[in-house]
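Working notes, beginning with the structure itself.
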Amino acid sequence: METINVRTRFAPSPTGNLHVGGARTALFCYLQARAVKGVFILRIEDTDLERSTPESVQAILDGMRWLGLDYDEGPYYQTKRFGRYAEVVAALLEDGKAYHCYCSKERIDALREEQMKAGVKPRYDGHCRDDAEPVKGVKPVVRFRNPLEGDVIFDDLVRGRISISNGELDDLVIARPDGSPTYNFTVVVDDMDMGVTLVIRGDDHINNTPRQINIYRALGAGLPEFAHVPMILGGDGARLSKRHGAVGVLQYRDDGYLPQALLNYLVRLGWSHGDQEIFSLQEMIDKFDIRDVNRKASAFNTEKLDWLNQQYMKNLPAGEVAQHLAWYFERAGIDPAPGPSLADLVSVQADRVKTLREMTDQSRVFYENFNEYDAGAARKHLRPVAEQPLRAIGGRLADLAKWDPERLNEAVRITAEELGVGMGKIAQPLRVALTGTAISPSIDKTLWLAGRERSLARIRRALEYVMARAAAN
RNA sequence: GCUCCCUUCGUCUAGCGGUCCAGGACGCCGCCCUCUCAAGGCGGAAACACGAGUUCGAUUCUCGUAGGGAGCGCCA
């Protein structure tokens with residue numbers, strides 16, 4: 001595997017958005033290719049015309065790009081390769097390695113039902129396998145002539161040796177009456193034509209592998225290596241589905257996660273490197289080996305993703321995080337121009353929130369005016385006793401030479417000392433005055449982000465509120 | 001039903017016969033810090049599914065049992 005040009009591929013079918021399970025498979029394919037300086041191919045398996053949609057194709061492409069999983073070849077589309085599949089089917093037919101089958105769906109269904117009832121594995125009985133009579137008016141399907149005897153054995157890079165008897169397999173349909181090819185056939189032709197040397201895919205395909213291997217052999221093609229990675233389950237241990245909420249990669253983007261964080265979370269699902277939790281993309285590439293992947297399905301845990309996301313928000317350069325944040329601001333309709341730089345904002349907010357979306361929501365107040373005070377916060381902190389502290393700090397701030405966190409902190413501290421009260425007596429009313437709520441960054445940082453003009457105006461407004469309230473009593 | 005596969009704290013995992021009365025991380029609990037919320041520091045509770053073997057010795061090897069997953073399409 002490490003000696004010659006490794007070629008991996010990610011081959012999703014565009015019947016929905018790129019979900020986290022697929023994204024992790026794509027990540028593994030990507031990492032393995034990069035780790036050995038191989039080639040990573042993207043192929044869209046869109047032979048199911050009924051369920052494939054252009055929107056899904058776009059969602060997959062967008063998801064890949066957002067994650068930064070760039071591919072070296074593709075995207076290839078199976079729908080553009082129908083001519084090639086027909087050619088291979090014809091060759092197989094010619095060689096007697098496939099045959100026409102005229103059995104009706106009704107017959108097949110009845111057969112299956114019978115077999116299930118008899119307690120055996122349902123499979124095609126080979127009715128048309130040998131010299132079947134063409135049935136007038138029936139367009140036949142093409143079936144692959146699977147070997148009757150022997151076992152198919154392969155050494156899966158993550159599962160180890162897997163063996164299944166040909167007696168368990170049947171003659172699968174490789175082309176429908178209209179000539180369109182089926183999945184198990186197209187993958188083989190594509191992987192062969194595209195020179196794929198390592199097939200990494202979900203372990204829901206493990207049962208398909210033996211029959212695909214038989215097709216490779218019939219085609220006289222060399223076998224790629226296989227690595228079947230376990231699935232990702234929902235937080236409740238059940239198979240991941242829409243009822244688990246966010247399953248699409250782009251949903252995580254919309255919810256405020258950094259692509260680095262999601263990638264980091266995903267790579268640690270089923271893979272590890274000692275006790276290390278945080279991996280840059282480069283570290284993943286350097287340390288990843290598909291053979292180290294676990295066999296067990298793992299449950300998706302949003303709390304840990306949240307933690308990772310915060311780690312990234314805190315530790316990435318603020319300017320880099322700010323670039324992502326700008327996207328959320330735009331989406332939320334916030335103009336960043338009248339407020340602090342987004343990098344400054346990130347440096348203050350990163351360790352207080354889990355997502356960029358939360359950061360956006362909690363930062364609006366530094367860019368736009370708020371309409372009213374949070375009722376509970378105002379009741380508790382904007383009381384008549386707050387008048388003196390607010391006046392004192394307001395006066396001191398107005399004269400402050402330079403508006404930076406150090407000086408601001410000092411101003412609040414000195415004011416508290418002069419009034420002979422604790423920091424909280426100044427900070428809390430001030431916090432509510434500045435943000436409308438009792439929750440915000442430390443008071444010096446809050447002042448800093450709000451800026452001089454805005455802060456002074458809001459202190460005046462709070463004083464009016466306090467006095468009006470006093471007068472009302 | 002049949003075939004294939006899986007099984008260490010709630011979750012993600014380390015462990016590749018003795019170093020394990022099982023280590024790390026998230027979460028949880030407690031304490032500290034503190035102008036709110038966080039972040040941070042310190043500490044704590046928490047797991048080898050079960051039963052037989054093999055072995056001087058099994059979390060680690062083998063076989064069963066139980067539980068779970070996937071597949072059995074003219075879907076991919």
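What you see below is based on every heavy atom in this structure, not just the backbone, and it leaves out hydrogens, waters and symmetry mates. Just so it is clear: chains get the letters A, B, ... in the order the sequence lines come, proteins before strands, and each one is counted from 1.
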Check your understanding: To the side chain of A/Ile162, which of B/A76, B/A70, B/C5 is closest?
Key -> B/C5
Practice item. Going 5' to 3' through nucleotides 6-14 of chain B, assign each nucleotide B (protein heavy atom under 4.0 Å from a base atom), S (under 4.0 Å only from sugar-phosphate atoms) or - (no protein heavy atom that close). Key: SSS--SBSS
Study note, to complete from the structure: Picking from B/C72, B/G27, B/C4, the nucleotide nearest the side-chain atoms of A/Trp307 would be B/G27
Review point. For atom P, what is the distance between B/G41 and B/G15, given to the nearest Å?
Key: 26 Å
Review point. Any idea which of B/C35, B/G1, B/A76 is nearest the A/Asn409 side chain?
Key: B/C35
Study note, to complete from the structure: Residues at least two apart in sequence or cross-chain that pass salt bridge (Lys or Arg N to Asp or Glu O under 4.0 Å) with A/Arg396, listed by chain then number, are A/Glu418
Check your understanding: How far does the P atom of B/C26 sit from the matching atom of B/C42, given to the nearest Å?
Key -> 12 Å
Check your understanding: Who is the Watson-Crick or G-U wobble partner of B/A66, with both distances under 3.5 Å?
Key -> B/U7
Point to revise | Strand contacts (RNA chain B) in residues 418-427 of chain A, 4.0 angstrom heavy-atom criterion | key: A/Met423, A/Gly424, A/Ala427
**Study point:** With A/Asp306 via salt bridge (Lys or Arg N to Asp or Glu O under 4.0 Å) - residues at least two apart
**Key:** none
Check your understanding: How are the rings of A/Phe300 and A/Tyr252 set to each other: parallel, tilted or perpendicular (split at 30° and 60°)?
Key -> tilted
Practice item. For A/Arg268, enumerate each residue passing the salt bridge (Lys or Arg N to Asp or Glu O under 4.0 Å) test, keeping only those at least two apart in sequence or located in another chain. Key: A/Glu277
Point to revise | P-based separation of B/U11 from B/G27 [nearest Å] | key: 16 Å
**Study point:** Interface residues of residues 347-363 of chain A with RNA chain B (non-hydrogen, below 4.0 angstrom)
**Key:** A/Asp351, A/Arg352, A/Lys354
Check your understanding: When you check the side-chain N and O atoms of A/Glu45 and A/Thr186, is any donor under 3.5 Å from an acceptor?
Key -> no
